Amino acid sequence: MFPTRLLRSSTVNASEIAHFSRLSAEWWNERGEFSFLHKMNPIRMQFIRQKLIETAYDEQPEEAVNPRKVGILQGLDVLDVGCGGGLLSETLARLGARTTGIDASESNIAIAQHHASLDSRLTDNLSYKHTSAESLLTQSKRFDVVCSMEVLEHVDNPVMFLKTCSELLKPAGHLFLSTISRTPLSYFLTIFMAEKVLRQVADGTHTYSKYINPSELLQFFQTYHSQVPSSESTANQSRPWITRLYNGEPTRTEAEVRGMIYNPFSASWILAPRGAWGAAECNYIFWVRKPALDGISS
Amino acid sequence: MLAISTRPAASRLLSKAQRFISTNHGEYDAVIVGGGPAGLALASALGSKKELQNSLKIALVEAGDLSKVRDWSPQAGTFSNRVVSLTNASQAFLKDIGSWGHVEQERTAPIQEMQVWDGVSDARITFSASELGVPTPDQGMARLTETLNLQRGLLRHLQSIPDVHVLDKSKVQSITVDETPGSWPLVHLDTGRVLKARLLIGADGLNSPVRSFAKISTYGWSYDTQAIVCTMVHSPRGAFLGPNTTAYQRFLPTGPIAFLPISDTASSLVWSTKPALATALKGCEPSVLARMINAAFRLPEISMRYLHDRILEAHEAGKPITDEEIKAEILWREQSHSIDQTSAYSSITIDSNSGIPPLDAEMVPPVVSSIQPGTIASFPLRYNHAETYTGEGQGSRTVLVGDAAHTIHPLAGQGLNLGLGDVECLSRCIHGTVLRGGDIGSYTALLPYTQERYLENHKIMSACDKLHKIYHTSSGPLVQLRSVGLEVLNEFDSIKAAIMMSAGSVSKTNRVLSYNGDVRAAMFDMAAKGVENIGKAAGVAQVVRGGLAGIAVNALQNLAKAAPAAAASSQGSSQGK
Ligand SMILES: Cc1cc2nc3c(=O)[nH]c(=O)nc-3n(C[C@H](O)[C@H](O)[C@H](O)COP(=O)(O)OP(=O)(O)OC[C@H]3O[C@@H](n4cnc5c(N)ncnc54)[C@H](O)[C@@H]3O)c2cc1C
């Protein structure tokens with residue numbers, strides 16, 4: 001974290017800027033340690049694009065959808081949880097989203113802000129905040145899209161984290177997560193399941209293993225119901241986000257899992273086709289849609 | 001949980017400074033340096049995508065006066081001396097971007113057949129469009145087009161694209177970059193303007209200033225060869241021979257000579273030869289060059305050597321050989337080789353191609369009767385390949401296309417076709433990046449371009465280089481092999497391969513983003529194949545996972561070093577983004 005003196009000071013000296021830049025260079029050195037992630041970002045974005053276009057086709061007359069439009073996120077409020085140096089946030093903003101990137105690390109936020117300042121196309125619709133997803137919940141603002149990439153495997157309490165991200169969405173909003181699978185036999189499974197079944201999270205006393213499998217995310221959202229206005233009885237909730245699985249796969253309109261495969265020969269990532277399950281063995285991206293308001297049964 | 005919203009003053013101020021700078025400079029997403037065919041095609045390709053409007057602000061900078069190209073209106077029947085053969089792939093690309101329609105079709109001509117032979121052994125191959133599997137035989141295996149016709153067409157197309165600012169009569173004087181890492185290059189023009197570029201594209205030819213700025217070194221050599229070009233005038237081919245659609249190329253030890261048909265009565269010459277000989281030939285009356293061209297396609301190699309020596313001697317003596325003298329020399333040579341005066345191999349006595357043509361008429365090009373005035377010129381030939389196509393460090397955000405990236409011997413007519421291949425690939429990369437919200441100047445966005453083009457270009461470049469070297473000699477074991485004709489035929493196969501590699505008409509532009517399951521599946525297949533090669537997918541997964549975890553840990557450690565408290569981030573902090 002940067003000394004608060006620096007953050008508050010109104011005069012900026014060159015060595016402090018240089019300090020920012022060096023850090024920024026770390027995150028944004030595309031050939032350095034983050035090169036894998038730089039290369040992964042385009043396929044994450046490809047998936048986000050694809051899902052938004054697909055849902056647009058489902059909901060609008062065909063001629064109203066332009067699949068080749070650049071500003072596919074135009075007019076949408078998008079939250080990037082754990083934005084790091086701003087890799088994903090910048091790309092979301094370029095597709096027209098009013099983007100908010102948040103990160104619990106203050107230096108990450110400073111780096112992201114510095115980097116975005118180099119690109120004048122980002123000045124209008126990209127902002128960063130040093131805050132947590134949980135604290136955003138206390139505010140009234142909700143989002144059309146919430147993304148959290150390569151974060152889930154690092155959080156202390158995945159269930160709490162998933163709930164928070166879910167509650168930050170507007171009805172019919174999109175949640176995108178990317179993370180890494182864990183081997184199926186890990187003991188963590190039972191703990192996770194227990195947590196999920198209990199749907200009660202002890203506050204941070206447990207330390208869970210990092211990786212979560214696609215099937216576990218699917219199961220979580222099969223039993224997950226949106227919080228409904230307090231007047232409604234808790235026993236009479238909205239439908240779960242995923243109503244059912246067919247041969248272990250969700251319906252295309254509710255959720256989707258896609259493997260992301262690294263091809264060492266071309267040094268690039270490839271988004272595996274839908275249903276290529278073996279492909280989600282390692283890195284994968286997950287999409288789930290919050291039910292629309294009319295999905296709430298009374 | 002912390003809930004502080006901090007906007008560090010440092011970056012706030014920085015972005016203010018940045019904004020100040022950007023009002024001072026013209027800021028562009030793409031600055032293309034070079035208004036040659038490659039630069040103009042790139043500007044057209046990027047500008048022609050409707051969906052990219054507002055997402056890409058493009059400037060094209062050219063030192064020369066482009067109005068001369070725009071207003072170029074040659075007299076009917078006359079042709080510019082700079083002619084390129086465009087492969088079907090290049091044409092398909094130009095059609096895709098909507099530029100081809102602006103190229104005056106009547107001034108272009110298809111190549112239906114190609115005859116290539118060795119000047120020493122006379123081993124010959126002939127190949128035709130139908131043999132190459134060209135979908136519509138009429139279009140030929142390639143189309144000859146004046147470079148000016150193409151450039152003018154591209155400029156006309158650009159006039160309908162307001163997103164592209166064409167700045168001609170503007171020479172790039174210097175390119176600089178601010179100290180701050182991640183800053184964009186600044187292009188200083190001699191008009192006083194400064195352009196700030198998210199992506200700086202060097203389409204600026206052999207001596208590319210963009211390449212120098214990016215400190216990209218090149219690998220190459222001079223061929224000690226000059227290519228003489230001119231527009232040759234001849235009678236139409238007789239009714240029995242069909243139209244003038246066969247290209248001829250003969251490999252002489254001094255270099256190949258090529259005859260490229262551009263209309264019924266005009267064809268373009270590319271004669272690669274020793275610099276001294278080129279100078280001597282250019283110093284003679286144009287009719288001497290015409291006679292020498294005819295001879296070079298017909299006389300045995302030993303006589304060509306003799307004629308070359310005569311021309312050089314006369315030139316050195318300060319008395320260029322006259323038309324009468326060369327006519328007499330050639331006639332004497334024809335007679336001493338017992339070339340029948342009715343044969344197509346005799347160029348002196350046959351003045352018109354009327355009546356029944358000699359049996360061997362198809363073996364050689366039509367007899368050149370004169371050279372179109374003012375069209376004789378020559379160019380030094382080089383092999384040059386940049387070590388990479390994208391800059392790094394201070395030279396970040398730069399990329400090279402066309403002759404700035406590579407120049408080759410023109411013997412397979414591939415130079416600009418490679419350049420257009422670059423342009424097609426780069427515009428596809430840029431388009432895909434924009435649709436995914438990426439930064440088109442970033443290394444990651446440009447990497448697929450280098451990956452796709454470098455090897456592709458290298459293959460064709462080295463095939464052409466090898467051919468030049470094998471034929472650029474008249475002594476030693478290679479010639480012994482050549483005289484048997486075996487080696488020659490093998491090598492001719494590689495000329496054919498070089499031409500065929502890009503003879504197809506398959507356009508790749510629709511590959512940008514695949515919403516189409518088949519294409520995706522195909523890509524997945526490709527990846528899967530790569531993966532199979534090093535063992536089970538699980539093994540790879542393990543490697544990748546290890547790699548990622550390693551990255552996260554390393555990155556954390558580095559951040560921790562740089563800013564000690566950073567690593568103590570709590571829930572929701574990304575450790576690898
Ligand atoms: C004899 C001969 C025959 C050929 N035949 C064929 C053929 O049959 N088929 C084929 O495909 N190719 C052929 N080629 C190759 C082809 O001509 C070239 O590959 C092609 O012209 C290159 O185009 P370009 O746009 O990359 O570069 P160029 O045409 O060299 O354009 C570069 C442009 O950049 C501009 N520029 C340079 N520096 C600056 C600066 N500082 N500021 C502003 N502007 C600047 C220049 O003014 C120029 O207009 C042949 C080449 C030769 C020599």
Side-chain angles (χ1 to χ4, degrees), chain A residues 1 7 9-10 12 16-17 20-21 23 25-26 28 30 33 36-39 42 45-46 67-70 81-82 84-85 87 91-92 94-95 103-105 107 110 113-114 117-118 120 129-135 149-151 154-156 180 261-263 265-266 270 272-273 278 281-282, chain B residues 1-11 13-15 18-19 22 27 51-52 55 180-183 434-438 442-444 448 451 513 515 517 520-521 523-524 527 530-531 537-538 541 544-545 547-548 551 554-555 558-559 562-563 565-566 569-577:
Chain A
M1 232 173 279
L7 300 178
S9 75
S10 53
V12 177
E16 283 163 343
I17 293 179
F20 270 109
S21 314
L23 280 180
E26 205 56 59
W28 286 93
E30 297 172 71
E33 302 170 28
F36 265 78
L37 292 150
H38 278 275
K39 286 176 185 156
M45 291 304 291
Q46 183 183 336
R68 310 202 73 81
K69 183 170 125 184
V70 174
V81 179
L87 236 112
T91 50
L92 292 166
R94 282 200 199 90
L95 294 192
D103 202 287
S105 152
S107 61
Q113 281 176 329
H114 166 68
S117 75
L118 296 168
S120 64
K129 276 201 188 95
H130 170 216
T131 186
S132 68
E134 284 72 15
S135 49
M149 303 299 184
E150 318 309 316
V151 172
H154 300 292
V155 300
D156 288 338
I180 306 175
I261 298 178
Y262 188 72
N263 177 352
F265 295 100
S266 64
I270 283 171
E281 278 292 286
C282 192
Chain B
M1 199 63 55
L2 291 168
I4 327 151
S5 163
T6 19
R7 287 206 66 196
S11 59
L13 259 179
L14 247 179
S15 58
Q18 215 70 39
R19 243 171 270 149
S22 63
E27 192 171 302
E51 63 264 23
L52 296 194
S55 308
T180 322
S183 297
V434 171
L435 288 182
R436 294 176 177 97
S442 65
Y443 171 81
T444 309
Q451 280 179 337
L513 261 195
Y515 296 110
R520 266 198 329 256
M523 278 172 61
F524 180 66
V531 164
V544 174
R545 180 188 304 182
L548 268 184
I551 288 166
N554 272 334
N558 276 337
L559 282 177
S569 61
S570 56
Q571 185 166 320
S573 166
S574 163
Q575 302 174 3
K577 164 79 31 140

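The shown structure was predicted, so the numbers you read here are calculated from the model rather than taken from an experiment. Order of the sequence lines fixes the chain letters, A, B, ..., with proteins taken first and strands second; residue numbering starts at 1 for each chain.
- To the nearest 0.5 Å, atoms OG (B:S442) and CD (A:E30) are separated by 4.5 Å.
- Heavy-atom distances place both the backbone and the side chain of A:K39 under 4.5 Å from chain B.
- B:L52 and A:V70 make their closest contact through CD2-CG2, 3.9 Å (heavy atoms, listed as atom of the first residue, atom of the second, distance).
- Across every non-hydrogen atom of A:H114 and B:T180, the tightest pair is CE1-CG2, 4.1 Å.
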